[in-house]
Amino acid sequence: MKEVMEMVKQRRIDWFLIGIAVLAAFLNFWGVWNDDTVNPYYTAAVTSMTENWSNFFYGALDPSGFVTVDKPPVALWLQTISALIFGIHGWSVILPQALAGVGSVLLLYFLVKPTFGSWAARIAALVMATTPIAVAVSRTNNVDSILVFVLLLGAWALFKAVRRGKIGFLLLAFVLIGVGFNVKMLQAYMVVPAFLLFYLIAAKLNWKKKLLHLMIALVMMLGVSVSWAVVVDSTSADSRPYVGSSQTNSVLELAFGYNGMERLLGQETGMSSGGGGQDGAPGSSNNDNIAPDASTESAQNGQSTSGQPPQPPNGSSSGMDGGGPGGNGGGPGGSQNGGQGGGSKMMGGTGMFGTGTAGPLRLFQTALGDQISWLLPMALFGMTAIFIANWSRKRRFFQWNTEQKEMAFWAAWLIPVAGFFSIAGFFHHYYLIMLAPAIAALTGAGFMALLKLYRKNKGVPGYLLPSAVVATTGLQMFFIAQYSVLWMGFVGVIGLGLATTLFIVKQKQPAWTSWIAVASLFALLLAPTYWALTPMMYGGNSALPEAGPQLKTNSGGGFADATVNERLISYLEKNSSGTEFLFGTTDASTAAPYIIKTGESVMALGGFNGTDPILTVKELKQMIKDGKIKYFYLPSNNKASNSDVVAWIEENGTKVDSSEWSDETTTTDATTSATTGGNSQRGGMQGGPPGGQSGGTLYKLTEED
């Protein structure tokens, strides 16, 4: 036993880190086996990508390779490999993201520790592990947690480049950003300013060498970034799938348009008047004020006012209006009521997708703040404290030490990303995971700097720690107040009480003062930790991940359900024998559940949003003539902007009597369960005929004479 203990001591195992990693694994993994379909859009793609190499390489949505998903394929490659090893299950496609979430916690520890010490690293890792939106997205097959992990790997390589003076590590750092581009396109470039700044101020080289190294690194980053896009765009359109959510069948257009500038300036693609929704938003009813996003996420109705307690579902709103399973006439398997009504923060509040009002305080609004900003004031105070605690009159103002330089790196990660989300017009809450590493690192390192100033400085800097506790507690009380005044009071009493104690005993500095400081930090972690637990406790939304008590009443809207109509499948399998496509429909949201359930191709005529100009009438006629497709399902509130093709189908197709294929009692989920935890109050995705009571039409397509 003594020998074992000696080995442990020699290897310096950090048991605190082990505990934090176990906590992160618990938060990211527990219960994911209950979520069988996860985000149907990506799960359908994984199902198709396991079929052949072409689908795997291009990231095809359907087994026939008709259209791709609207993201690069690197993260989906990992999901597909997992599915090939373990089979296609919800947990197997979640596995890479959950592992990436735990990996990010570990990486952050090893990034912070060398300069700021073990306790700063432990705090940073703990904050990262309990960041609500980071946990929520890591429990899904959305790709953001993999992106963050890749970027943190890049940061690790960058720090190595600075410490060892090796250009190889620098090139690796920027190559990893390029890999991140092939995970989620321009979102990966958000950290480029931090990488550039840190190398310029920290590398021990002359300016000419620094600039030369960075120029080479940037060229390599750009080369890796566009490598897949160039291969795809250079391949004949007849030899590959259509690039989903692009208007010109181009990955580069998708990257710099729909997944690029439109994220900042607001969505334009998919907003044509052909959609039949408000302001032409495809897939939305006249009551919607939202539009679908290219990143798999159809928008659900049922809104709550930002800052107000979530209301119980009323079942009167539509779920994925215009195409998604469970939508109001939106697709096979939907019901009249559609998805969850009332309450999801994703759709509540102001701005597109309930992301609040653009402005400098956007991240402090309830619409966004309770997903990411719980410890943002502590991080900002900590950033200041690191600079002050390491200030020396012996050095010139611009001569910073290592602590100050690494603080600048995390600040340069935090500030531009926060600035983007403060003004951007087109994003979802779970994109905020991009802020998590910087907030966590600055909180960990900053808290230790605040404690140092508190112990040694008798002036104003010595009061920064209790001031940070007061500011952070106040913000947390503001977030909690929308759900529970009692809980708000509880957090306020503890946080403000500890802060007051720190103010009072500042001058005397009794021996137990440090314990009060530590207690205040753990008090500030209570609320975000509970928020991080909610996706596991109440069931999350796999298409639009979020965290918070509102999940208790609506399971995040529950619209990741991949609901299908078994009788429709039976009818089509009996009558579509020999065709390449089981049937066609307007959009990927409608098609995806049937791809998952049957493993067969279902044509998404207009890609994810239903607006991609993939087929012409002439091409569809040829496909019918060649026996590739025989049936087409048109939702009642059709969201396909390709009016010529849809008009031709309506005019020339033969309507199939709904009694032959529609039966409310035979509608089932594509797999056994679709949302972790489930909720009996969910509306809409529990059954009903294709198109629901609002109806939809199944057409038999025959070649014209």
Side-chain angles (χ1 to χ4, degrees), residues 40 44-45 47-52 54-55 58 60-68 237-242 244 323 325 331-333 562 564-607 610 612 614-635 638 640 642 644-663 666 670 689-691 696-705:
T47 302
S48 302
M49 290 166 69
T50 59
E51 294 290 322
N52 56 64
S54 177
N55 287 352
Y58 293 114
L61 171 71
D62 57 283
S64 289
F66 179 74
V67 64
T68 72
D238 296 334
S239 304
R240 60 169 174 81
Y242 185 93
V564 298
N565 184 289
E566 295 283 3
R567 192 173 180 201
L568 174 67
I569 294 175
S570 178
Y571 175 86
L572 292 171
E573 289 179 339
K574 187 182 300 182
N575 293 279
S576 286
S577 58
T579 60
E580 181 177 346
F581 294 93
L582 183 65
F583 70 98
T585 189
T586 55
D587 57 273
S589 301
T590 311
Y594 287 84
I595 295 171
I596 298 169
K597 177 65 178 180
T598 66
E600 296 191 37
S601 290
V602 177
M603 177 191 290
L605 174 66
D612 299 349
I614 304 176
L615 278 185
T616 64
V617 172
K618 181 179 179 180
E619 290 168 335
L620 178 61
K621 289 180 180 179
Q622 187 62 48
M623 293 181 73
I624 297 169
K625 181 179 180 180
D626 294 340
K628 293 184 177 181
I629 188 168
K630 192 174 180 180
Y631 290 92
F632 194 92
Y633 175 78
L634 189 64
N638 155 47
N642 195 332
D644 290 340
V645 174
V646 172
W648 184 88
I649 291 171
E650 291 178 315
E651 182 177 349
N652 295 277
T654 302
K655 293 183 181 180
V656 181
D657 193 294
S658 61
S659 64
E660 296 188 45
W661 53 269
S662 175
D663 187 342
T666 60
T697 307
L698 182 67
Y699 290 92
K700 183 177 180 180
L701 306 178
T702 55
E703 183 186 356
E704 288 182 307
D705 294 333

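Note that the coordinates shown come from a computational prediction; the quantities given were computed from them, not determined experimentally.
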Return yes if some donor-acceptor pair links the side-chain N/O of [X] with the main-chain N/O of [Y] below 3.5 Å, else return no.
X	Y	result
Thr585	Tyr633	yes
Trp661	Val656	yes
Ser48	Leu61	yes
Asn52	Ser54	yes
Ser601	Ser64	yes

Search all heavy atoms of [X] against all heavy atoms of [Y] and return the closest pair with its distance.
X	Y	answer
Pro241	Thr68	CB-CG2, 3.6 Å
Glu51	Asn55	CB-ND2, 4.1 Å
Arg567	Ser662	NH1-O, 3.4 Å
Lys630	Ser576	CB-OG, 4.4 Å
Ile614	Glu619	O-OE1, 3.6 Å
Tyr699	Glu650	OH-CG, 3.7 Å

_Test side-chain hydrogen bond (donor to acceptor under 3.5 Å, both in side chains) applied to Glu660 - qualifying residues, sequence neighbours left out_ =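 Checked Glu660 against side-chain hydrogen bond (donor to acceptor under 3.5 Å, both in side chains); zero matches.
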*Tell me, please, which residues at least two apart from Ser659 pass side-chain hydrogen bond (donor to acceptor under 3.5 Å, both in side chains).*
Asp657
Would you give the length of the straight line joining atom [atom1] of [X] to atom [atom2] of [Y], rounded to the nearest 0.5 angstrom?
X	Y	atom1	atom2	answer
Leu634	Phe583	CG	CZ	12.0 Å
Met623	Phe66	CE	CZ	6.0 Å
Glu566	Thr598	CD	OG1	10.0 Å
Thr586	Ile649	OG1	CD1	9.5 Å

Residue pair [X] / [Y], side-chain heavy-atom distance below 4.5 Å:
X	Y	value
Ile569	Tyr594	yes
Leu605	Phe632	yes
Gln622	Lys625	yes
Tyr571	Asn565	no
Ile629	Leu620	yes
Lys700	Asn575	no
Leu582	Glu573	yes
Leu615	Met603	yes

*Going through the checks in order, is the side-chain contact (heavy atoms from CB on, under 4.5 Å) test met by Val602 and Asp62?*
CA-CA 6 Å; Val602 177; Asp62 57 283; 6.0 Å; no
